[in-house]
Number of protein chains: 2
Amino acid sequence: MRALYHYDEIGLLVASERTPSGHRRYTERDLRRLYRVRALRGLGLSLEEVADVLADSADDPESLRALLAEQLRRLDEHAERIGVLRRRIGDLLRQAGDPYGPDPERLMTTLEVMSVFETYFTEEQRGRLAERREALGPEGVEAARREWAGLVEEGLRHLADGIPADDPRARDLVRRWDALAGRFHPEGPAGAETAAAARRMWRDNSAEIGGSLPWPAERMAGLVAYLEQARQAG
Amino acid sequence: MRALYHYDEIGLLVASERTPSGHRRYTERDLRRLYRVRALRGLGLSLEEVADVLADSADDPESLRALLAEQLRRLDEHAERIGVLRRRIGDLLRQAGDPYGPDPERLMTTLEVMSVFETYFTEEQRGRLAERREALGPEGVEAARREWAGLVEEGLRHLADGIPADDPRARDLVRRWDALAGRFHPEGPAGAETAAAARRMWRDNSAEIGGSLPWPAERMAGLVAYLEQARQAG
DNA sequence: CTTGAACCTCCCGTCGGGGGAGGTCGTAGC
DNA sequence: GCTACGACCTCCCCCGACGGGAGGTTCAAG
């Protein structure tokens with residue numbers, strides 16, 4: 001087995017004897033040590049941990065139990081990360097097979113949005129947002145989406161009509177816009193933070209996010225800038 | 001981000017422009033490509049797969065879906081491997097806390113036996129053996145263990161009494177011994193193979209396996225050799 | 001003009017080995 | 001005694017996806 005040379009190199013398992021010509025001779029004790037190493041490796045421990053536990057177990061019988069308990073915890077963590085990925089990919093595949101037809105461009109855009117999302121929100125914030133979305137339920141999200149589409153149309157009309165950003169109608173639109181967004185943000189100061197992060201995200205990346213929407217990306221970019229102005233003016 | 005240099009090196013994401021002084025300038029298109037790369041990486045795909053799917057997705061819209069489906073399958077596999085490890089470690093910890101007291105030496109010996117076990121049986125064979133053990137149930141296993149202890153005592157007495165290996169009593173002991181072992185082996189030729197592997201394992205490693213038993217390892221080694229002789233004689 | 005941050009290239013390290021080159025050793029058959 | 005042939009030896013480069021740092025250049029602000 002090639003690994004034996006590796007174990008020798010790092011000093012984890014050195015053959016106790018050598019023949020005069022230099023061939024390694026593994027004694028019975030060496031073999032038993034090898035079995036322990038292999039078994040512990042098979043449980044997912046690193047070679048360093050294996051070395052430590054084999055060194056410690058002589059004077060500290062608890063170290064092995066502690067290490068195994070720790071490993072169990074790490075495996076649980078790992079399993080959960082895998083579960084998260086599974087759910088995400090499952091969602092993507094389901095979205096990819098939705099009634100709008102198999103539009104791979106949309107799938108790609110969704111990927112972009114995911115990435116941007118992860119750049120602007122911390123993992124914790126994403127967790128909170130997911131909780132809120134879950135609390136709203138699918139119908140709540142759908143309702144908000146429709147309301148929001150109305151607000152977008154209204155904003156685009158304002159823009160086309162040349163209504164200035166400090167006009168009361170623009171400020172009122174911003175108020176309703178932010179209230180709608182507020183449904184998705186957590187309560188208290190945490191909500192203010194996610195809301196601010198969301199605005200930064202929109203400001204910097206309206207093109208990427210807009211790509212997944214039914215309106216032209218550049219018009220959405222204009223609208224976002226317009227709302228930002230109105231918010232400043234308000 | 002350091003990864004950008006790496007993506008550049010492997011040609012996955014090369015900045016379309018450079019300033020005269022050599023600084024990378026990422027265009028809007030580059031950025032969107034970066035978002036896709038990051039998102040796909042975040043789903044656990046390798047950079048090679050990301051590169052492939054970004055190259056293919058232009059003319060083969062299905063490749064992304066296929067890759068995601070494949071990835072889902074791999075994650076399932078991975079999750080199952082983790083589940084196996086979890087169960088194994090859980091069993092070990094439970095054994096470590098059993099009424100015989102916290103004997104770390106026994107735990108170590110169990111590890112050795114695990115390793116030897118994995119060397120002599122293929123993964124498939126181990127699966128069959130686990131099935132059989134499950135079919136017997138805990139009480140069946142316990143009953144067999146007690147019967148087996150009786151056979152061991154009987155064999156050790158034969159040895160002490162100097163009964164030769166070709167004596168009918170020895171051959172009868174072997175017959176009952178093998179019948180008992182047979183409960184744990186699968187049916188048909190597969191069972192013969194696992195039984196042969198088990199005998200090889202005992203012959204080569206009676207010390208390691210014997211260490212986890214209530215009898216001295218060297219006496220068990222003698223018994224195994226004795227039974228082997230009796231089997232040849234029979 | 002200076003200064004500090006940002007960026008550049010180049011190189012070594014991670015983890016657990018795999019694979020191969022090129023040489024030596026051990027043993028079995030003739 | 002000779003000759004195969006396999007098993008073993010050391011040394012070195014390879015994988016993935018970057019991280020970290022050395023040592024040098026460039027940029028933007030004051």
Side-chain angles (χ1 to χ4, degrees), chain A residues 1-27 30-31 33-55 67 70-71 74-75 77-78 81-82 84-85 111 114-115 118-119 123 204, chain B residues 1-27 30-31 33-55 67 70-71 74-75 77-78 81-82 84-85 111 114-115 118-119 123 204:
Chain A
M1 203 179 359
R2 172 59 207 272
L4 289 177
Y5 294 120
H6 187 58
Y7 299 161
D8 193 340
E9 250 179 34
I10 64 174
L12 171 59
L13 176 62
V14 182
S16 317
E17 300 175 21
R18 293 269 187 148
T19 66
S21 61
H23 286 194
R24 289 170 179 76
R25 289 205 38 183
Y26 290 91
T27 65
D30 293 341
L31 264 188
R33 187 173 171 93
L34 172 60
Y35 294 146
R36 298 177 185 201
V37 169
R38 297 265 74 186
L40 291 168
R41 271 293 296 150
L43 295 176
L45 300 177
S46 74
L47 291 183
E48 194 183 349
E49 289 168 326
V50 171
D52 286 351
V53 83
L54 286 185
L67 183 57
E70 159 79 5
Q71 175 68 358
R74 282 184 297 194
L75 286 176
E77 260 183 41
H78 199 157
R81 277 203 299 278
I82 289 184
V84 169
L85 290 192
L111 288 177
M114 275 175 51
S115 171
E118 285 169 20
T119 325
E123 195 180 332
D204 300 349
Chain B
M1 204 179 359
R2 172 59 209 273
L4 290 177
Y5 294 122
H6 186 57
Y7 299 161
D8 192 340
E9 250 179 33
I10 64 174
L12 171 58
L13 176 62
V14 182
S16 315
E17 299 175 22
R18 293 268 187 148
T19 65
S21 62
H23 287 193
R24 290 170 177 76
R25 288 206 39 188
Y26 290 91
T27 65
D30 293 341
L31 263 188
R33 187 173 171 94
L34 172 60
Y35 294 146
R36 298 178 185 200
V37 170
R38 296 266 73 186
L40 291 168
R41 272 293 296 148
L43 296 176
L45 301 177
S46 74
L47 291 183
E48 195 183 349
E49 289 168 326
V50 171
D52 286 352
V53 83
L54 286 185
L67 183 57
E70 160 78 5
Q71 174 68 359
R74 282 184 298 194
L75 286 176
E77 259 182 41
H78 199 156
R81 276 203 300 276
I82 287 183
V84 169
L85 290 191
L111 288 177
M114 274 177 52
S115 172
E118 285 168 21
T119 324
E123 195 181 332
D204 300 348

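Each chain gets a letter, A, B and so on, in the order the sequences are listed, and its residues count up from 1.
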- prompt: Can you check salt bridge (Lys or Arg N to Asp or Glu O under 4.0 Å) on B:E49 and B:R74, steps first, answer last?
  reply: CA-CA 14 Å; B:E49 289 168 326; B:R74 282 184 298 194; 2.7 Å; yes
field: side-chain contact (heavy atoms from CB on, under 4.5 Å) between B:T119 and A:R38, intermediate numbers included
entry: CA-CA 10 Å; B:T119 324; A:R38 297 265 74 186; over 6 Å; no
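Rounding to whole angstrom units, CZ of residue A:R25 and C1' of C:dG26 are separated by 13 Å. Rounded to whole Å, the distance from CZ on B:R24 to C1' on D:dC27 is 16 Å. Whole-Å rounding puts the A:Y5 OH to C:dG20 P distance at 15 Å. Put simply, CG on A:L4 is 9 Å from P on D:dC9, counting in whole angstrom units. Between A:L12 atom CG and C:dC15 atom C1' the separation is 14 Å, expressed in whole Å. Put simply, CE on A:M1 is 15 Å from P on D:dA7, counting in whole angstrom units. Residue A:E9 contributes atom CD, which lies 13 Å from atom P of D:dC9 at whole-angstrom precision. If you measure from atom CD of B:E48 to atom P of D:dG16, you get 7 Å, rounded to the nearest angstrom.
Across C:dG26, D:dC18, C:dG17, the shortest atom-to-atom separation from the side chain of A:L47 is found for C:dG17. Checking C:dG16, C:dC25, D:dC18 against the side-chain heavy atoms of B:A3 singles out D:dC18 as nearest. Of the candidates D:dC18, C:dG26, D:dC27, the closest approach to any side-chain atom of B:S21 belongs to D:dC27. Taking every side-chain heavy atom of A:H23 into account, D:dC9 is the closest of C:dG17, D:dC9, C:dT9.
Inter-residue side-chain proximity for A:R24 and A:D30 is flagged as unmet; no heavy-atom pair is nearer than 4.5 Å. You'll find the side chain of B:Y7 reaches within 4.5 Å of the side chain of B:V37, heavy atoms only.
The heavy-atom pair separating B:R41 from B:S46 by the smallest distance is NH1-CA, 4.1 Å.
With hydrogens and angles ignored, no donor-acceptor pair under 3.5 angstrom links the side chain of A:R2 to the base of C:dG17.
At the heavy-atom level, B:R18 lies under 4.0 Å from the strands shown only through sugar-phosphate atoms.
For the OP1/OP2 pair of D:dG16 and a distance below 4.0 Å, the side-chain nitrogens and oxygens of B:R41 include no atom meeting the criterion.
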